[in-house]
Amino acid sequence: MTALARSVALPGDEVFVLHDRPLRDGVAVGETSQFGDDVWRLQPAIHKSSGRNLILNFNRFPVRFRPVAKQLAYAMLSGPLPQGEKHCKVEGVRCASTELRRFLTWLDSQAEPRCQRLATLTGADPLAYQRHLVGPFPNAATQRETCRAKVRLFWRWRHNLSDWLPLDPIHIDGWGEPDAGAQRRGENRTSRIPEQVLGPLFVRALRFIDLFRPDTIAADQQWRKTRFIGVYQRLPVGKFHRSNGTRHQAISDHLERYVTSGRPLPGWRGVPNRKVLSAARSTAGPGPATSSRTPSSQTASPAPRRPHDPPRRLPLRIPSPGGTGRSSA
C-alpha cells in the first residue's frame, strides 16, 4: 500500500463499520457488520420502519480495488472526517457504492498498467471514463453527472484511503458537461445583447435621464395636482386659473397661462383633456365673472354631490368666428 496523504490509521478487520452511527433500539454494536466481512448489513442504522434491508456486497467489486472500496465506504459511514466533509446517510452510501463499483469495474477492464491503481492514473483516464458513460447513458446527462460526482470521492476522502486519485477531476480540462448545470438550474438560454450594443444604449439612457429628469419630475407633480381624486368627485377647488372675463375669456386666459409658462396642455396623444379645460372654464361661472369683492354667499361653490349622484358634465361652448356657438361635451 502507498503512504497515506496524512496520518490516518486504516481500520482493521475487526472494526465494526457502524460504531459511530445511532442504531435501532435493541441492536448492539457487537451484532453489526465488521470491516473484514464481504457483505455489510446496513439495516441496524436505518431507523425508518419502511426502510429497505440494505447491504454493501463487496464481492461484486474487482478484487484489486476491493480494499479501497471498503476503506471509502467505512470512512463515509463511521471513519474520521476530512475537513469540510460529513458522514453521509446510510442510504446515500448504498447509492454511492453502485457508481463506485461501476467506475472500478471499468478501470479494472483497462489494459494500461497505470490503471491497476488509482494513484497512477492521469488526467486522461477520468476523461476516458466520461466518454465511456455516453454508451450506457446516451440521453441522460444528469445520470452521467452523478457518475462523475462519485468518482471524485476517491479524491475528497483521500486522507482515509490507501490508494486515491492523484488529482481532483473537476480541474481537468474537458471534465463535465457545460450544459448539464444550466439544464438543472433552468437557466434562460435566450441570446444576450452584445456588450458592443448594450454599452452605447446605457450611455444614451443615462444621458436622457440627466437631460430630462427635471421636466419629467415637474410634469409628474403637475399631473398629480390636477388628476381626479375619484370617479364621482370634482377636481380640487382652486387648482385652475380664475378669469375676470367671459367664458371665452376664461379659456383664453387658461391657455395663455400654459403658453406663458411653456408647459404643454394636459391631454393624451395630442388631444387636449376636455375635462381639465371644462373645470378651468367652470371656475369663471356661467356668465361674466364676479369681482373679488363679491360677497361670499354669491361665490360659494355648489353643494357637494352625494356618492351615488351621477357625475356632472358641463358642455364646453366656444364661440365660433362666425358668431354661432359650438357646444362640446
Side-chain angles (χ1 to χ4, degrees), residues 1-11 13 17 35-36 38 40 56-88 92-138 140-181 184:
M1 294 187 296
T2 59
L4 289 175
R6 69 176 181 179
S7 179
V8 173
L10 294 178
D13 291 344
V17 296
F35 186 86
D38 292 332
W40 295 359
L56 292 179
N57 188 357
F58 294 100
N59 291 322
R60 305 182 63 183
F61 284 76
V63 176
R64 74 174 70 180
F65 295 115
R66 194 171 298 172
V68 69
K70 282 187 173 184
Q71 295 166 12
L72 179 57
Y74 169 76
M76 298 171 67
L77 286 172
S78 300
L81 291 176
Q83 185 177 2
E85 298 289 347
K86 61 181 180 180
H87 286 145
C88 305
V93 177
R94 173 60 183 83
C95 294
S97 67
T98 301
E99 301 305 329
L100 296 176
R101 177 169 55 85
R102 189 192 312 275
F103 171 67
L104 294 177
T105 301
W106 171 85
L107 190 62
D108 185 64
S109 65
Q110 302 304 301
E112 291 79 359
R114 67 175 183 272
C115 295
Q116 296 181 3
R117 293 175 53 205
L118 295 174
T120 55
L121 295 180
T122 63
D125 299 305
L127 294 179
Y129 178 67
Q130 178 176 256
R131 292 190 297 268
H132 163 75
L133 294 174
V134 179
F137 309 109
T142 304
Q143 178 61 38
R144 295 196 298 268
E145 185 178 2
T146 301
C147 297
R148 288 190 298 268
K150 304 313 177 187
V151 174
R152 292 191 61 228
L153 294 177
F154 289 110
W155 166 261
R156 291 166 48 188
W157 294 81
R158 62 191 181 277
H159 300 299
N160 299 68
L161 307 178
S162 60
D163 188 16
W164 66 90
L165 286 177
L167 73 168
D168 189 351
I170 200 172
H171 299 302
I172 301 175
D173 293 338
W175 179 260
E177 302 178 45
D179 294 338
R184 183 180 66 253

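Small disclaimer: the values here were computed from a predicted structure and weren't measured.
- In this structure, CH2 on Trp157 lies 13.0 Å from CZ on Arg152, to the nearest 0.5 angstrom.
- Counting heavy atoms of neighbouring residues, nucleotides and ligands inside a 6.0 Å radius, atom CZ of Arg156 exceeds 12 of them.
- Shortest non-hydrogen contact noted between Leu167 and Gly123 is CD1-CA, 4.3 Å.
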Q: Might you work through the side-chain contact (heavy atoms from CB on, under 4.5 Å) test for Val17 and Ser78, ending with a clear yes or no?
A: CA-CA 6 Å; Val17 296; Ser78 300; 5.8 Å; no
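- Note that CG of Asp163 is 8.5 Å distant from CD of Gln71, once rounded to the nearest 0.5 Å.
- Remark: the backbone N or O of Gly174 is paired with a side-chain donor or acceptor of Gln130 at under 3.5 angstrom.
- For the pair Leu81/His87, a side-chain contact is recorded, criterion being any heavy-atom separation below 4.5 Å from C-beta on.
- Remark: Glu99 engages Arg102 in a salt bridge, criterion side-chain N to carboxylate O under 4.0 Å.
- Salt bridge annotation for Asp38-Lys70: present, with a cationic side-chain nitrogen under 4.0 angstrom from a carboxylate oxygen.
- Closest approach of Phe103 to Leu118, counting heavy atoms only: CE2-CD2, 3.9 Å.
- Phe137 approaches Cys147 most closely through the heavy-atom pair CE1-SG, 4.0 Å.
- Within the 4.5 Å cutoff, the side chain of Arg148 has heavy atoms near those of the Glu177 side chain.
- A distance of 6.0 Å separates CG of Leu100 from CZ of Phe61, quoted to the nearest 0.5 Å.
- When every heavy atom of Val68 is checked against every heavy atom of Phe154, the shortest pair comes out as CG2-CE2, 4.2 Å.
- Across every non-hydrogen atom of Gly79 and Asn160, the tightest pair is C-ND2, 4.4 Å.
- Across every non-hydrogen atom of Phe58 and Ala73, the tightest pair is CZ-CB, 3.9 Å.
- In this structure, CG in Asp125 is found 4.0 Å from OG1 in Thr122, a value given to the nearest 0.5 Å.
- Without hydrogens or angle criteria, Thr146 side chain to Thr142 main chain gives a donor-acceptor distance under 3.5 Å.
- The CH2 atom of Trp40 sits 7.0 Å away from the CG atom of Leu56 when rounded to the nearest 0.5 Å.
- Taking CG from Leu72 and CZ from Phe65, the interatomic distance works out to 13.5 Å, rounded to the nearest 0.5 Å.
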